[in-house]
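First up is the structure itself, then whatever we jot down about it.
Please read all numbers here as calculations on a predicted model, not as lab measurements. Keep in mind that the numbers below use all heavy atoms, side chains included, and drop hydrogens, waters and symmetry copies. Letters go in sequence order (proteins before strands), and every chain restarts at 1.
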There are 2 protein chains.
Amino acid sequence: MPERVAVVGFGVTRFAARHPDATYFELAFDATKEALSDAGLTPNDIDAVVYGVYNDLFERQFMQDVLIHDYLGLYGKPGVRVTTGGSTGGYAFREAYLTVASGLHDIVLCIGAEKCADCFDYVVGKPTPEVVKAIAYSADMTYEFPSGMYAASSYALLARAHMDKYGTTEEQAAKVSVKNHKNAMLNPIAQSPMELTVEEVMKSRMIAYPFKMLDCCLYTEGAAALVLATEKKAKKITDNPVWVKGVGAANDKAFTGFRSTSDKLGKYGDIADLRSHYAAAEAAYRMAGLTDPIRQLDLAEIHDAFSFTELQAYEAMRFCPPGGAGKFIDEGIPEREGELPCTVSGGLIGCGHAVGATGIMQTGEVVMQLREEAGKKQVPIKRGNGLVHSIGGPGSCYCTVAVLGKDKEKERK
Amino acid sequence: MPERVAVVGFGVTRFAARHPDATYFELAFDATKEALSDAGLTPNDIDAVVYGVYNDLFERQFMQDVLIHDYLGLYGKPGVRVTTGGSTGGYAFREAYLTVASGLHDIVLCIGAEKCADCFDYVVGKPTPEVVKAIAYSADMTYEFPSGMYAASSYALLARAHMDKYGTTEEQAAKVSVKNHKNAMLNPIAQSPMELTVEEVMKSRMIAYPFKMLDCCLYTEGAAALVLATEKKAKKITDNPVWVKGVGAANDKAFTGFRSTSDKLGKYGDIADLRSHYAAAEAAYRMAGLTDPIRQLDLAEIHDAFSFTELQAYEAMRFCPPGGAGKFIDEGIPEREGELPCTVSGGLIGCGHAVGATGIMQTGEVVMQLREEAGKKQVPIKRGNGLVHSIGGPGSCYCTVAVLGKDKEKERK
C-alpha cells in the first residue's frame with residue numbers, strides 16, 4: 001500500500017491573457033512563494049520538484065523547468081519535467097504524489113507555469129502562425145493535422161458524436177459555459193468572469209461546429225504550485241491537511257487511431273464515450289474506496305476545455321449514466337447551488353487555461369474548498385471529498401483523475 | 001522505506017544515424033517487444049508506462065509518447081512523458097522506479113525513443129537550420145543562445161575550466177574517445193565502432209575548443225525499453241532480477257546562471273566541478289549504502305556527451321578525487337580491462353545518443369552486465385553492483401545517477 005500523502009500548501013498567480021511584466025519563471029516564483037508561505041515552509045524544506053510545462057514553442061525555450069529551478073535557487077535537488085498536453089498539470093500532480101508515496105522524498109513541490117502571449121500578434125488580435133504551429137504540433141502530424149484536426153475541431157467531433165448518440169443539445173452545452181463564466185465571477189484570479197445567457201453563448205462566433213467562441217477555453221498565462229508531504233511531515237506542518245485519497249490515470253489512442261492494431265480489429269467503441277476518462281475515474285475511485293461519487297463528493301473540478309467536454313466528463317466520472325449529461329445540467333446538479341457543484345473555480349472557460357498550470361490550479365481549488373478557505377467561492381463541505389479531472393492530447397486521449405479528501409472524523413471542523 | 005524494485009526486462013534497437021524505414025513509434029515498438037519478451041510478459045501485464053522523449057521539433061510532433069501508447073495498444077493504462085534534455089532517459093527511469101516504489105503499480109514499462117534524422121539535410125551532410133534551432137532551444141534563450149552557447153560550446157567552457165583548474169589535457173580527454181569508440185566495437189547495436197588513436201582524435205576537425213569532432217557524441221535514432229517490477233512480481237518473473245539499489249537526481253542552475261540569486265551572492269563555486277553530478281551521486285550512494293564506489297562497483301555507464309564530460313564525471317562519481325580524472329584515465333582504470341570499466345556500451349560517443357533512449361540503453365547495459373548476459377561486451381562481475389550516470393541541459397545542469405545491483409549471496413551465480 002502506498003504511503004499516505006497530503007497536500008499542505010497551495011499558491012496561484014492571476015490567470016490572465018497576458019502578464020506583460022513577468023517571465024514564466026517569475027510567475028512560477030510567485031506561485032511557489034505563496035504555496036510555501038501557505039505551508040509555512042522555506043525552499044530549503046523542499047526535497048524534490050515536479051514541473052508541469054506544456055509547450056516549448058510558446059516561449060521558444062525548451063527546459064523552462066530547469067530555468068525555474070535555477071531561479072528558485074533549488075540547487076542540488078531533483079526536478080523533473082512532465083508534459084502531456086492539456087493534462088500536464090494533472091500528470092505532474094500524479095508524479096508528485098508518486099514521489100512522496102514512494103518513501104523517497106518527504107516534501108515535494110509541484111509547479112506548473114505557462115506563458116504563451118508572446119506567440120500572439122496583439123496588433124491584429126489573432127494568433128500568429130507561430131502559436132498555431134505550436135499548438136497544432138500536438139495533433140497527430142501524420143493523419144490529423146493534414147485533415148485540419150486542431151484542438152477545437154477534434155474535440156468538436158467528439159461532441160458531435162455525443163449529440164448523435166444521445167441527443168445532447170448545443171443549449172445544454174451552453175449552460176456549462178454560462179455556469180463556468182459565472183463561477184469565475186467569484187474567483188479573484190479568473191481571466192474571464194462574465195454573466196452570460198445561453199442565448200449569448202449560442203450567438204457567439206462559430207469556431208468549429210458545435211463549438212461557438214464562448215464554448216471554448218482561453219489562451220492564458222499563469223502559474224500554480226502545490227506542496228505535498230508524507231503523513232508524518234503533514235501533521236507537523238498543518239492541522240488542516242487534505243489527503244490524496246486516489247489517483248487514476250489512463251491514456252487512450254490518439255483521436256483518429258488510424259495506426260491502432262486494436263482498431264483494425266474493431267475493438268474501439270464509440271468516440272461519444274471517452275474511454276480514458278472512464279478508466280482514470282475507475283482507478284481513482286477504486287483507490288479512494290469511492291462507490292457512489294455523486295453522494296460522496298462535495299465538489300468536482302472538471303477540465304472544461306470545451307463546454308461539451310465537461311458534459312462528457314459528467315458521464316465518465318459516473319455523476320450520471322452514459323447519455324445523462326444533458327439532463328444532469330438541465331436539472332442544475334453541477335451548479336454552485338446544486339447537489340454536486342462542478343468547476344467552481346470557473347475552470348478553463350471562466351478562469352483560464354494556462355496549460356501546465358491548469359490541473360494544478362484546479363487541484364488547489366479543491367484543496368482550498370476542502371479546507372473551507374475558498375473565500376467567496378466556498379461551497380458547503382459535508383462529505384469531505386473532492387475530485388479533480390484533467391485531460392489533454394489529440395482527441396482527449398490523456399486523462400488523470402484525483403480524489404482528495406479530509407479524514408472526516410478527525411479533521412472536519 | 002521505499003518498496004524494493006527490480007529491473008526484469010530490457011530491449012533496445014540498433015542505434016543508428018538513421019532508421020529510414022522506421023517511425024519513432026515503430027522503433028519504440030521493437031524495443032518494447034524485446035523488453036517484454038526478455039521478461040516473459042505481454043502488454044497486458046503492464047500497469048503503467050513512463051516515456052522518455054526529448055525533442056518535439058525533431059519530428060515536428062508533440063506528444064510522441066501518446067502516439068507510441070496508441071501504437072502499442074496500451075489503452076486505459078497511465079502513460080506519462082518525462083523530458084529533461086540529455087538526461088531524459090535517466091529521469092524517465094527514476095520516474096518508473098518511483099511509480100513501482102510507491103506501491104501503486106506492480107509492473108512498469110520505461111520507454112525512450114528518438115528520431116532526428118528527418119531534421120537533417122542529407123544532401124549537404126550538415127544539420128539544417130531546423131535541427132540547429134531544435135537543439136538550440138535547449139540553451140537559455142535569453143542569455144546563452146545569443147552568446148553562441150549551444151551544446152558543444154557550453155560544455156567546452158566546462159572542459160576549459162577543468163583544464164585551467166586541474167591541468168587536465170586534451171590528450172587525456174582523447175583517451176576517453178579512443179576507449180569508447182573501441183568499446184562500441186563489441187556492441188552490435190553501436191553507431192560508431194572504431195579503432196582509433198589519440199593522435200587521430202587530436203587531429204579531427206575542431207568543433208569548439210577543446211572539443212574536436214571525435215570528442216563529441218553523435219546524432220542518433222533509436223529506442224530502448226526496460227521493465228521494472230515489485231519484489232514480489234520480480235521473483236515470479238525471473239530468477240535473475242537486478243535491483244534498483246539507489247537513485248539520485250539533482251539539478252543545478254543553467255550554465256550562465258545570470259539570474260540566480262545565489263550567484264549574485266557569490267555562492268557558486270567553480271564550473272570545473274559539476275555540482276549536480278556530485279549531489280546526484282551522493283544521493284544514490286546514500287540510498288544504496290555504497291561508501292567506496294571504486295571498490296564496490298563492477299562497472300559504470302557514464303553519459304559521455306563529450307570526452308571531457310566523462311572525465312569530469314569520474315570525479316563527481318567519486319571514482320577519483322577532484323582533479324584526479326586525468327590520472328585516472330592515464331592509469332587505465334576505466335578501460336574494459338581496468339579496475340572499473342566505464343561506458344562499456346560505447347556510450348554516447350561510440351554507441352550513439354538517441355536522446356530520450358540513451359539513459360535507458362545505458363541502464364539496460366548495466367542490467368545485462370550484472371546478469372552476465374552482455375555477450376562479447378561482458379566484463380567480470382565480482383561485486384554485483386553497477387552505476388548509470390545521465391546528464392542534460394544547458395551546462396549539464398540535470399543529473400541522475402542510479403546504482404543497480406544483485407543480491408550477492410542469493411543471486412550471484
- Among Thr23(B), Val50(B), Val53(B), Thr99(B), single out the residue with the greatest number of heavy-atom pairs under 4.5 Å to chain A. Thr99(B)

- Task: May I have the step-by-step check of side chain to side chain contact (heavy atoms under 4.5 Å, CB included) for Asp65(B) and Tyr398(A), ending in yes or no?
- Result: CA-CA 11 Å; Asp65(B) 50 301; Tyr398(A) 297 103; 2.5 Å; yes

- Query: For the side chain of Asn251(B) and the backbone of Gly79(A), is there at least one donor-acceptor N/O pair under 3.5 Å apart?
  - Reply: yes

- Task: Would you please name every residue forming a side-chain hydrogen bond (donor to acceptor under 3.5 Å, both in side chains) with His303(B), sequence neighbours left out?
- Result: none

- Task: Working to the nearest 0.5 Å, report the span between NE2 of His69(A) and SG of Cys397(B).
- Result: 9.0 Å

- Item | Greatest number of heavy atom pairs closer than 4.5 Å to chain A - which of Tyr278(B), Tyr51(B), Tyr91(B) | Tyr91(B)

- Message: Nearest 0.5 angstrom please: Glu3(A) CD to Glu3(B) CD, how far?
- Response: 12.5 Å

- Taking every heavy atom of Gly76(A) against every heavy atom of Ala250(B), the minimum-distance pair comes out as O-CB, 3.5 Å

- Query: Between Thr400(A), Thr83(A), Leu104(A), which shows the greatest number of heavy-atom pairs under 4.5 Å with chain B?
  - Reply: Thr83(A)

- Message: Heavy-atom pairs under 4.5 Å with chain A: which of Ala48(B), Ala279(B), Pro78(B) has the most?
- Response: Pro78(B)

- Item | chain B contact via Leu72(A) - side chain, backbone, both or neither, heavy atoms under 4.5 Å | neither

- Note on the structure: Paired with Ser102(A), the side chain to side chain contact (heavy atoms under 4.5 Å, CB included) test is passed by just one of Val5(B), Val100(B), Leu98(B), Val247(B), namely Leu98(B)

- Closest approach of Glu95(A) to Val80(B) (non-hydrogen atoms, all atoms of both residues): OE2-CG1, 3.4 Å

